[in-house]
2 protein chains.
Amino acid sequence: MIKYSGQTRILVAVDCIIFGFDGENYKLLLVQRGFAPERAKWSLMGGFIRPDETLEQAANRILKQLTGLENVYMEQLQAFSSPDRDPVERTIAVAFVALIDIHKYEKQLSKEYHAEWFPLKEMPHLIFDHEKMVELAKNSLRYKAAFHPILFELLPEKFTIPQLQALYEGLYDTTLDKRNFSRKLLSTGLLIKQADKDKESSKKGAFYYKLDQNRYLDDFQAFLNFIPKPDKFLINETTLN
Amino acid sequence: MIKYSGQTRILVAVDCIIFGFDGENYKLLLVQRGFAPERAKWSLMGGFIRPDETLEQAANRILKQLTGLENVYMEQLQAFSSPDRDPVERTIAVAFVALIDIHKYEKQLSKEYHAEWFPLKEMPHLIFDHEKMVELAKNSLRYKAAFHPILFELLPEKFTIPQLQALYEGLYDTTLDKRNFSRKLLSTGLLIKQADKDKESSKKGAFYYKLDQNRYLDDFQAFLNFIPKPDKFLINETTLN
DNA sequence: ATTTATAAGTGTTATTTTGACACAAAATTA
DNA sequence: TAATTTTGTGTCAAAATAACACTTATAAAT
């Protein structure tokens, strides 16, 4: 099925930047390589694309392979194509960002792939250009989350406003005024208050909320300005490359 | 230099969505294919990546090959990877968006590639998934331009406020209040007023402005809110796929 | 020389949004 | 029942936004 002559065919891989949030810190799901090169070093979960699948399908397959999870929020970040980024053979890697509710994959981490959650701030050194991918993913997440209700993907179905606030504060490494924050969040109309409370983290307890799924899908593209002056927290793209 | 065994190598191409603006309308630079498949149909300018270059280098090479231009604003849009998107042979295409000052490549359009500027609104049918690429590029441009001073890339070094307003109005297919628009633009501090006027489009003439290059580079990432309620003009991403 | 036509350029005000700020309520534990 | 801790909410001043109309400069026409 080779028909264009005189062209070089290249390996194409997918690498997944998988974010989670444990209520306290952002976490990154990494795997320890069991094979050369860079054996025993940490890396993003990845794999080569197959002849009959799209990059998106490959990313989902690879994520499922590791975590067993399906229907996860996932989006294409960027293609990385430095000719010598993989010392073994030229490989173009397309990075995908996945956001998962960490509770869905916390215990029984894959032994096969030697998977482990690392606090984003204590990330080990990664192989190839994977650290750059993570930096870019972090920046992209900060960008998107400032406008779009995307961080909900990191929380379980029921969550509290204080949890949500910790999520935003963690991403931008800042503190937010809780009165202004909850006013803004509630004014989106995306949240449905539940009757029950989460009593884990306080005596009083905090009311649970759920996402209004219909509005969530409709308003995903809406600009909601969750974060004041988001550019303060963003790294100039040119610096990242 | 093949070292990973049992994997399929794939053709990787770059396709360029090249936008211009003629003062009136957005234009798209297309080429007419001189070879099968889809001979004589219109398509984006593209080409295969070479063994020793990155995707970005390939995109710049291909753009230069067509237009002779270098140092053009260019950024990666997305990889398109449907296994059958190219009927001849599986090819993954990475789309790049380029913004050029149309005056730098208006006359002497490449005969070799049969290049032509089309008004974006009167785009012919394109081969493969190129129309989808253009849609996505348009949406991405609308998104970025709402916040970042990116559209200047489409104008010559010296430009007037009314030209700039036409540029924004064209992109969002809307009208803007010129008092509010110029106030907002001038308040960014990005523009340096020139002593001379453009007398092309009015008797009174409109003062030229130039970009303050230092500020431009510094503030590129800043959120400037050029367009009120930009989500009104954006297509939901899920609709685009 | 005067008038006319056309696009450029600018200022005010009401409304909305934002950001800064502090105290009361609920419930567990001492 | 008092103390502690976290949740939950209201006000007000400042800033940003959106709506709105008239004057100015100049070339072309009379």
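Computed from a predicted model, the values in this text were never measured in an experiment. Heavy-atom basis, side chains included; hydrogens, waters and symmetry copies ignored. In what follows, every chain begins at residue 1, and chains take the letters A, B, ... in the order their sequences are listed.
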Any donor-acceptor pair under 3.5 Å joining the side chain of A:K204 to the base of D:dT7? yes
Do B:K178 and C:dG9 share a donor-acceptor pair, side chain to base, under 3.5 Å?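 Yes.
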Nucleotide [N], atom [atom2] - distance to [atom1] of [X] in whole Å:
X      : N      : atom1 : atom2 : value
B:Q165 : C:dT10 : CD    : P     : 14 Å
B:K193 : C:dA8  : NZ    : P     : 13 Å
B:E24  : C:dA7  : CD    : P     : 12 Å
B:K184 : D:dA19 : NZ    : C1'   : 13 Å
B:Q163 : C:dA7  : CD    : C1'   : 13 Å
A:D177 : D:dT7  : CG    : C1'   : 14 Å
B:L164 : C:dG9  : CG    : P     : 12 Å
B:L186 : D:dA16 : CG    : P     : 16 Å

B:E135/B:K138 ion pair, N-O < 4.0 Å: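 Yes, B:E135 and B:K138 are salt-bridged.
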With the side chain of [X] defined as its heavy atoms from C-beta on, choose the nearest nucleotide among [options].
X      : options                : answer
A:K197 : C:dG9, C:dG11, C:dA27  : C:dA27
A:R179 : D:dC20, D:dT9, C:dG9   : D:dT9
B:S202 : C:dA25, D:dT9, C:dA8   : C:dA8
A:N180 : D:dC20, C:dA27, C:dA20 : C:dA20

Test side chain to side chain donor-acceptor pair (under 3.5 Å) on B:E116 and B:Q32 and set out the steps. CA-CA 8 Å; B:E116 205 168 302; B:Q32 195 172 27; over 6 Å; no
Parallel under 30°, tilted from 30 to 60°, perpendicular over 60°: which one fits the rings of A:F152 and A:Y216? perpendicular
Can you tell me how the ring of B:Y26 sits relative to the ring of B:F19, calling it parallel under 30°, perpendicular over 60° and tilted otherwise?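 Perpendicular, since the angle between the ring planes exceeds 60°.
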5' priority, DNA chain D, between A:K203 and A:R183 [closest heavy atom]: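 On the 5' side of the pair lies A:K203.
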What's A:S201 touching, base or sugar-phosphate or nothing? Going by heavy atoms closer than 4.0 Å.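 The residue A:S201 makes sugar-phosphate contact but no base contact.
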Short side-chain N/O contact from B:K199 to OP1 or OP2 of D:dA27, under 4.0 Å: yes
Under 3.5 Å, is there a donor on one side chain and an acceptor on the other for B:R183 and B:N180? yes
